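Remember, predicted model here, so these are calculated numbers, not experimental data. Naming: A, B, ... by sequence-line order, numbering from 1 per chain.
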There are 2 protein chains.
Amino acid sequence: MKELLRTKGFKSTPQRELIFDCFFSLGKHVSVDELYQKVRELDPSVGHSTVWRNLKLICLLGLAEEVNIGDGITRYDRTTPKPHGHFFCRSCKKLLEFDVGSVMGALVEAAHEFEFEPDGYKIEIQGYCSDCRQDGRTNDVATGSANDERKA
Amino acid sequence: MKELLRTKGFKSTPQRELIFDCFFSLGKHVSVDELYQKVRELDPSVGHSTVWRNLKLICLLGLAEEVNIGDGITRYDRTTPKPHGHFFCRSCKKLLEFDVGSVMGALVEAAHEFEFEPDGYKIEIQGYCSDCRQDGRTNDVATGSANDERKA
DNA sequence: ATTGAAAATGAAAGTCGTTTTCAATTGGCG
DNA sequence: CGCCAATTGAAAACGACTTTCATTTTCAAT
């Protein structure tokens with residue numbers, strides 16, 4: 001890791017190494033705060049902004065990318081050799097990955113038709129995972145006030 | 001519109017009617033502020049929070065849904081009979097729609113495999129549109145500091 | 001090993017879109 | 001018409017993200 005940083009022109013610091021290590025050990029879709037907590041367990045002196053900056057650096061290095069599922073929290077997802085999509089469970093907030101190999105062709109083609117030069121794909125399916133689907137939730141609008149979907 | 005509101009248990013107010021009308025006349029991916037500006041042209045007394053609340057209500061009624069492209073601004077997209085994906089140009093921030101009929105089958109199937117009950121799909125392709133692709137931007141990481149991707 | 005320029009850090013503050021609060025107003029059923 | 005609950009508007013609160021700045025640290029060149 002030290003080598004990668006050097007070759008890209010970044011310095012290696014204890015905090016940075018720790019943050020990188022923690023990020024890759026967590027290995028799932030983490031938010032800044034989740035990573036911050038993890039880092040803090042091992043070194044409580046590391047600041048929030050340092051974690052944030054290094055998470056950005058990880059993205060800049062191409063090792064991760066941001067995932068926005070619309071709940072206002074940015075998560076960071078390790079880049080994988082194969083592109084993948086996400087299932088986002090509205091109930092338990094779980095994020096599951098699934099293979100999107102079968103749809104990439106069509107997307108690339110669509111981009112081509114529009115003369116659009118793609119450099120990123122986000123495929124997200126929202127709904128309820130197998131653990132949560134029994135709750136039978138509906139989007140019946142008549143049962144609530146204009147604002148009560150926030151807690152849903 | 002008045003009827004739809006009534007049947008769902010919401011009141012019809014001049015502001016609400018105006019906001020709904022403006023939203024559907026704009027008819028594209030609008031942010032709260034864009035809609036607020038439009039509404040203000042016709043009635044400067046309408047408040048920001050009223051626009052926001054009614055945009056939420058429009059979503060709650062199933063007439064629109066939120067689109068998050070990761071730039072921190074929530075946009076609202078009229079629900080269409082056919083699902084569609086978005087091209088998001090990193091340069092000019094334009095949002096273009098494209099048909100995703102050809103990939104829906106695979107996505108539904110993927111959801112089924114995971115026993116996931118989908119109720120929403122987001123397919124977004126990021127990159128550069130035909131007007132912007134000549135800028136030859138690269139993601140060369142060595143050329144900048146850890147933070148300079150923000151302005152990209 | 002020492003040094004100095006540039007980069008990195010940490011605490012705190014700033015930013016900005018979103019959301020809530022609350023008092024006043026209004027819609028609509030009885 | 002009169003009441004009650006829904007709605008409104010202004011302002012404040014909220015919260016995640018981002019920047020600032022003084023201090024510390026890294027690392028290449030002595």
Side-chain angles (χ1 to χ4, degrees), chain A residues 1-3 5-20 30-37 39-40 43-60 66-76 141-152, chain B residues 1-3 5-20 30-37 39-40 43-60 66-76 141-152:
Chain A
M1 187 52 67
K2 199 172 292 216
E3 296 68 34
L5 287 169
R6 292 274 179 76
T7 60
K8 295 292 187 180
F10 297 100
K11 292 181 177 175
S12 167
T13 67
Q15 296 94 331
R16 177 162 289 168
E17 294 291 335
L18 176 61
I19 291 166
F20 274 53
V30 290
S31 62
V32 176
D33 280 334
E34 285 166 347
L35 182 55
Y36 177 64
Q37 296 307 328
V39 168
R40 278 250 155 177
D43 181 352
S45 72
V46 177
H48 180 97
S49 50
T50 299
V51 173
W52 178 78
R53 279 184 290 233
N54 278 289
L55 216 26
K56 286 290 189 182
L57 177 58
I58 289 171
C59 291
L60 195 57
E66 301 188 348
V67 182
N68 274 87
I69 55 184
D71 65 352
I73 294 177
T74 303
R75 271 161 251 266
Y76 295 81
V141 102
T143 60
S145 76
N147 289 327
D148 73 354
E149 86 287 7
R150 203 170 314 106
K151 289 269 165 288
Chain B
M1 188 53 64
K2 200 171 292 218
E3 296 68 34
L5 287 169
R6 291 274 180 76
T7 60
K8 296 292 185 180
F10 297 99
K11 292 182 176 174
S12 167
T13 68
Q15 296 94 330
R16 178 163 287 168
E17 294 292 336
L18 176 59
I19 292 166
F20 274 53
V30 291
S31 62
V32 176
D33 281 334
E34 285 167 346
L35 182 56
Y36 177 63
Q37 296 307 328
V39 168
R40 278 250 156 178
D43 181 352
S45 72
V46 177
H48 179 97
S49 50
T50 299
V51 173
W52 178 79
R53 279 184 289 233
N54 278 290
L55 216 25
K56 287 288 188 182
L57 177 58
I58 288 171
C59 290
L60 196 58
E66 301 189 348
V67 182
N68 274 87
I69 56 183
D71 66 350
I73 295 176
T74 303
R75 271 161 250 267
Y76 296 81
V141 103
T143 59
S145 75
N147 288 328
D148 72 355
E149 86 287 8
R150 201 169 318 105
K151 288 270 166 286

Residue pair A/His48, A/Arg40: steps toward the side-chain contact (heavy atoms from CB on, under 4.5 Å) verdict: CA-CA 9 Å; A/His48 180 97; A/Arg40 278 250 155 177; over 6 Å; no

Please report the distance, rounded to the nearest Å, between [atom1] in [X] and [atom2] in [N].
X: A/Gln37; N: D/dA16; atom1: CD; atom2: P; answer: 12 Å
X: A/Arg16; N: C/dA7; atom1: CZ; atom2: C1'; answer: 8 Å
X: B/Trp52; N: D/dA11; atom1: CH2; atom2: P; answer: 19 Å
X: A/Ile58; N: C/dA8; atom1: CD1; atom2: P; answer: 14 Å
X: B/Leu55; N: C/dT19; atom1: CG; atom2: C1'; answer: 14 Å
X: A/Leu60; N: D/dT18; atom1: CG; atom2: P; answer: 13 Å
X: B/Asp71; N: C/dT18; atom1: CG; atom2: P; answer: 10 Å
X: A/Tyr36; N: D/dA16; atom1: OH; atom2: P; answer: 14 Å

Just to confirm, is there a sub-4.0 Å distance from OP1 or OP2 of [N] to any side-chain nitrogen or oxygen of [X]?
X: B/Lys56; N: C/dT18; result: no
X: B/Thr74; N: C/dG17; result: no
X: B/Asn54; N: D/dT7; result: no

Base-pairing assignment for D/dT30 (Watson-Crick or G-U wobble, both under 3.5 Å): C/dA1

A/Thr50 vs B/Val32, nearer the 5' end of DNA chain C by closest nucleotide: A/Thr50

Residue mapping more 5' on DNA chain C - nearest nucleotide basis, B/Gln15 or B/His48: B/His48

Looking across every strand, which nucleic acid part, if any, lies under 4.0 Å from [X] by heavy atom: base, sugar-phosphate, or nothing?
X: A/Ser45; value: sugar-phosphate
X: A/Arg6; value: sugar-phosphate
X: B/Asp33; value: nothing
X: B/Pro14; value: sugar-phosphate
X: B/Ser31; value: nothing

Heavy-atom donor-acceptor pair, A/Ser49 side-chain to C/dA11 base, under 3.5 Å: yes

Quiz item: A/Arg53 side-chain donor-acceptor pair to D/dT20 base, under 3.5 Å: yes

Between [X] and [Y], is any pair of side-chain heavy atoms under 4.5 Å apart?
X: A/Asn54; Y: A/Gln15; result: no
X: B/Ile19; Y: B/Leu55; result: no
X: A/Val32; Y: A/Val51; result: yes

Among C/dT9, D/dT7, D/dA10, the nucleotide that comes nearest once only the side chain of B/Thr13 is considered: D/dT7

Derivation of the side-chain contact (heavy atoms from CB on, under 4.5 Å) call for B/Phe10 and B/Leu57: CA-CA 9 Å; B/Phe10 297 99; B/Leu57 177 58; 3.6 Å; yes

Nearest heavy-atom neighbours spanning A/Phe20 and A/Leu5: CZ-CD2, 4.0 Å

